[in-house]
Amino acid sequence: MRNIPEIHIKKKNANAQREFSGLNNTKRIQENQFAKLVNMSADIYPILTTRGKRYKVHESSHSIDAIRSHGNYFFQISNLRLKRYKNGIETEYNKWLTETGKKEMIKMGGNIVILPDKKMYVFSDDDIKNMTFSLTRNNNTDPNESDDLSIHLQPVTLEKDNNGNNIIYKPPVSSQHSPFIRPDNPVDGDIYFDTKIPWNIEKYNGNSETWDKLDLKTDIVIGFRNTEELDVYNIVNAIEIDSSYMINGTGKISSSEGKELIDDISKKELKILHAEKQTVIDTTTTPSTTRIYLHIVVDYLSTKYTQKNNPWFKLEKIWPAETLSIKMECKSGDFRCVSQNRMWSCSSDKHEIYASKLGDPTSWNSYDGIASDSYTVTVGSTEDFTGAYTYNDYPIFFKENRIITIRGTRPSNYQLTDVECDGVADGSDKSLTVVNGYLYYLSRKGIMRYGGDYPTKISSDIDGEKYHDGIGGSYGDKYYLKCKDRKNKSHLFVYDTISRIWTEESAMNFSQFEIINGNLYGVVGDGIYYIAGTGENIEITSESAVEEADITFEFETGDLLQHTEERTVINRINMEFELKGNVEVFIKYDNDTVWNSVYRKSAQEKEMQSFRVKPKRNKKIQLRVKGKGEFTLYELTKIVQSGGKI
């Protein structure tokens, strides 16, 4: 009898996936991952469900440049105006800004720094202050002889009274009587100006019955006509904010006759110690004339101030021969952060890192040798800076290939460490965000997690594309990254730092993320949207929040292979899910370009549903699921059966 081949029948095996590992757009996709995954979240990991709804919570008449929260306040910059809201209600605060382009608001103590305008909203004053100031005056003539502005100098001393207020002692303008004459019967506090070379100013101490020498300073007096009073007022107020204004003279200082040239103050920076305004009304004129004098006291004095003839006259007639400038710098640099009650910045052009004076983001030139001083350091690497952030209470500066950290508590013990590694990609400085103690950001090679030592790439599952222009945000355990791919298509990736899986949400064109009252919000054009949070207190303005329509979701499997060395085939595919809304399932075989619809379902209320399909035999199969509403995926099962062998 002829031998008949024996047929071996294999049993069916079910491969059920109940734990889903999120998005993977590379060629190394696992069976429990998805090649496409939009608007599905890992909120109830290990199963997948549609994300929470968004709400439009604020709308502006113009594009919104920046937002920032501060306590119960919410600030918005739009159309060069700063608007303020409290408890959802717009207040009567509407300030104009000056600089066009992108805006940035940085919180520091009770202030909000506004860049690039270099202005600061001060809560205690409920007003905006200038962080920088510059004034240059050409010398014309003596203000006592005309209404034109002028500049002159005189030696003074600066003391503080019992209340800590500055008192300027200066010689009289038009006579040589006391205090140029030492009184025969002095009383405590009398001032005597000794005009012998070198100059001395003495104050009588009634307790010791002695004349004590006082420290000499220079009072630079700038005279203004009454029409310029507003300018003077602004100068005085600005200087009161900051003690590190610098003053420059561009020419040598001479007497009115052009004799006895004294020290050249060209290129000399003098720290302003005190400023005050003096108003003089001349009632002899009709109408009466008001002149304004700005007194700026600096720590500078030449021993050649006085001459033998009429010393008081010489004092009043000495002034710079050319121009005098007053300035206060705000070294906002390229990127900024706030650390240890200082504002920090960096400059790619100068390869420098700066820190403001302690507690004062307007003071960058205060160098008194004390712990509260400003700080400047030059870095050795030549690449441009790409970002700055405060992590573990230390300022960190990034380049595309470096992380630079400054540790310490004051300028005298600051230490800089420079590590060569994958830093922040150019244009992705806003991607820097801390979640659960780690710092996340977008680099040229992918998305990184940094714990203070060396960064680690976490984006291997979504490295099928290269991304740029990252903007980061966070809520709870999640890192949100809005970015663009090589075709400039926008994406919003969400990384769950606990389950360590990626998902993707519909990418509105977010320009900024911000946490307000514990919830995550994003700016899109002229609107602000609630993205994630507790779902409570989602109204940040007086307008009613507008709920998003039913969410459109989509996910797509990788290749489900049909063949193995044992000629197995996929006998059936099952899917268990919960639905409120509608869903449609598509299937694609091999390298087909067309997706074939194989299932549709709608549900008015949440219902458990089952989908089953018996695919035709092919080498590989892919599933695509699209829908609108609420959807939860519990199980995706592939039942495999051998084709048998003889």
Side-chain angles (χ1 to χ4, degrees), residues 66 98-108 111-120 130-134 242 244-246 248 267 269 271 325 327-367 372-391 394-408 410-412 414-432 439 441 443-444 469-470:
T98 56
E99 298 292 331
T100 58
K102 294 182 179 180
K103 299 291 183 183
E104 181 179 4
M105 289 190 281
I106 303 170
K107 295 187 292 186
M108 181 174 173
N111 308 314
I112 294 182
V113 175
I114 302 171
L115 298 171
D117 301 79
K118 296 183 180 180
K119 295 183 181 295
M120 182 172 68
N130 286 324
M131 295 181 65
T132 183
F133 196 88
S134 178
D242 180 81
S244 64
Y245 265 81
M246 309 305 287
N248 284 302
K267 301 180 181 179
E269 291 192 335
K271 184 174 180 179
S325 65
K327 66 176 181 177
M328 180 175 68
E329 293 181 316
C330 174
K331 296 181 180 179
S332 57
D334 300 316
F335 304 98
R336 295 140 295 273
C337 63
V338 174
S339 174
Q340 298 181 358
N341 203 20
R342 298 177 188 268
M343 183 172 160
W344 293 76
S345 70
C346 58
S347 170
S348 296
D349 290 339
K350 296 183 178 180
H351 310 293
E352 290 178 338
I353 294 174
Y354 312 103
S356 72
K357 183 179 178 181
L358 185 68
D360 189 353
T362 69
S363 179
W364 299 84
N365 292 301
S366 180
Y367 300 107
S372 61
D373 276 352
S374 310
Y375 175 74
T376 301
V377 64
T378 302
V379 297
S381 53
T382 59
E383 301 86 0
D384 287 348
F385 287 100
T386 56
Y389 204 83
T390 300
Y391 180 62
Y394 293 117
I396 302 180
F397 296 89
F398 293 86
K399 300 187 174 187
E400 285 198 324
N401 62 341
R402 292 183 180 278
I403 296 179
I404 301 171
T405 305
I406 296 182
R407 292 180 171 87
R410 55 189 181 276
S412 61
Y414 283 147
Q415 292 184 336
L416 182 148
T417 59
D418 189 336
V419 177
E420 186 174 1
C421 58
D422 292 314
V424 174
D426 185 26
S428 293
D429 54 290
K430 289 185 177 181
S431 68
L432 287 156
L439 181 59
Y441 61 88
S443 74
R444 289 182 299 178
D469 291 346

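Arg336 places a side-chain N or O within 3.5 Å of a backbone atom of Asp334 that can act as its donor or acceptor partner. For Glu400 (side chain) and Asp426 (main-chain N/O), a donor-acceptor pair under 3.5 Å exists by modelled atom type. Lys399 places a side-chain N or O within donor-acceptor distance of the main-chain N or O of Glu383, the cut-off being under 3.5 Å. For the pair Ser428 (side chain) and Ser431 (backbone), a donor-acceptor distance under 3.5 Å is absent. A donor-acceptor distance shorter than 3.5 angstrom exists from the side chain of Thr390 to the backbone of Val338, with no hydrogens or angles considered.
The aromatic rings of Trp344 and Phe397 sit tilted relative to each other, their planes meeting at an angle between 30° and 60°. Taking the six-membered ring for Trp and thresholds of 30 and 60 degrees, Tyr441 and Phe398 have ring planes inclined between 30 and 60 degrees apart.
With rounding to the nearest 0.5 Å, the separation of CG in Asp349 from CG in Asp384 is 7.5 Å. Separating the CD1 atom in Ile106 from the CG atom in Asn111 is a distance of 12.0 Å, to the nearest 0.5 Å. Note that CG of Asp360 is 11.5 Å distant from CE of Met343, once rounded to the nearest 0.5 Å. Taken to the nearest 0.5 Å, the OG atom of Ser332 stands 4.0 Å off from the NZ atom of Lys118. From Asp373, atom CG reaches atom OG of Ser356 across 11.5 Å, with rounding to the nearest 0.5 Å. Atoms CE and CG, on Met108 and Asn341 in that order, are 4.5 Å from each other to the nearest 0.5 Å.
The nearest pair of heavy atoms linking Arg342 to Ala355 is CD-CB, 4.2 Å. Taking every heavy atom of both residues into account, Ala425 and Arg444 meet most closely at CB-N, 3.7 Å. Nearest heavy atom pair, residue Ile112 against residue Lys107, reads CG1-CG, 4.4 Å. The shortest heavy-atom contact between Met120 and Pro361 is SD-CG, 3.5 Å. Between Ser443 and Gly423, the closest heavy-atom pair is CB-O, 2.9 Å. Scanning both residues, Leu432 and Ala388, for their nearest heavy atoms gives CD1-O, 3.8 Å.
Phe385 has its side chain within reach of Ile404: a pair of non-hydrogen atoms, C-beta onward, lies under 4.5 Å apart. At least one side-chain heavy atom of Lys331 sits less than 4.5 Å from a side-chain heavy atom of Thr376. For the pair Lys119/Thr98, a side-chain contact is recorded, criterion being any heavy-atom separation below 4.5 Å from C-beta on. Two residues are said to be in side-chain contact when any heavy atoms from C-beta on lie closer than 4.5 Å; Tyr394 and Gln340 meet this criterion. The closest side-chain heavy-atom distance from Tyr375 to Ile406 is below 4.5 Å.
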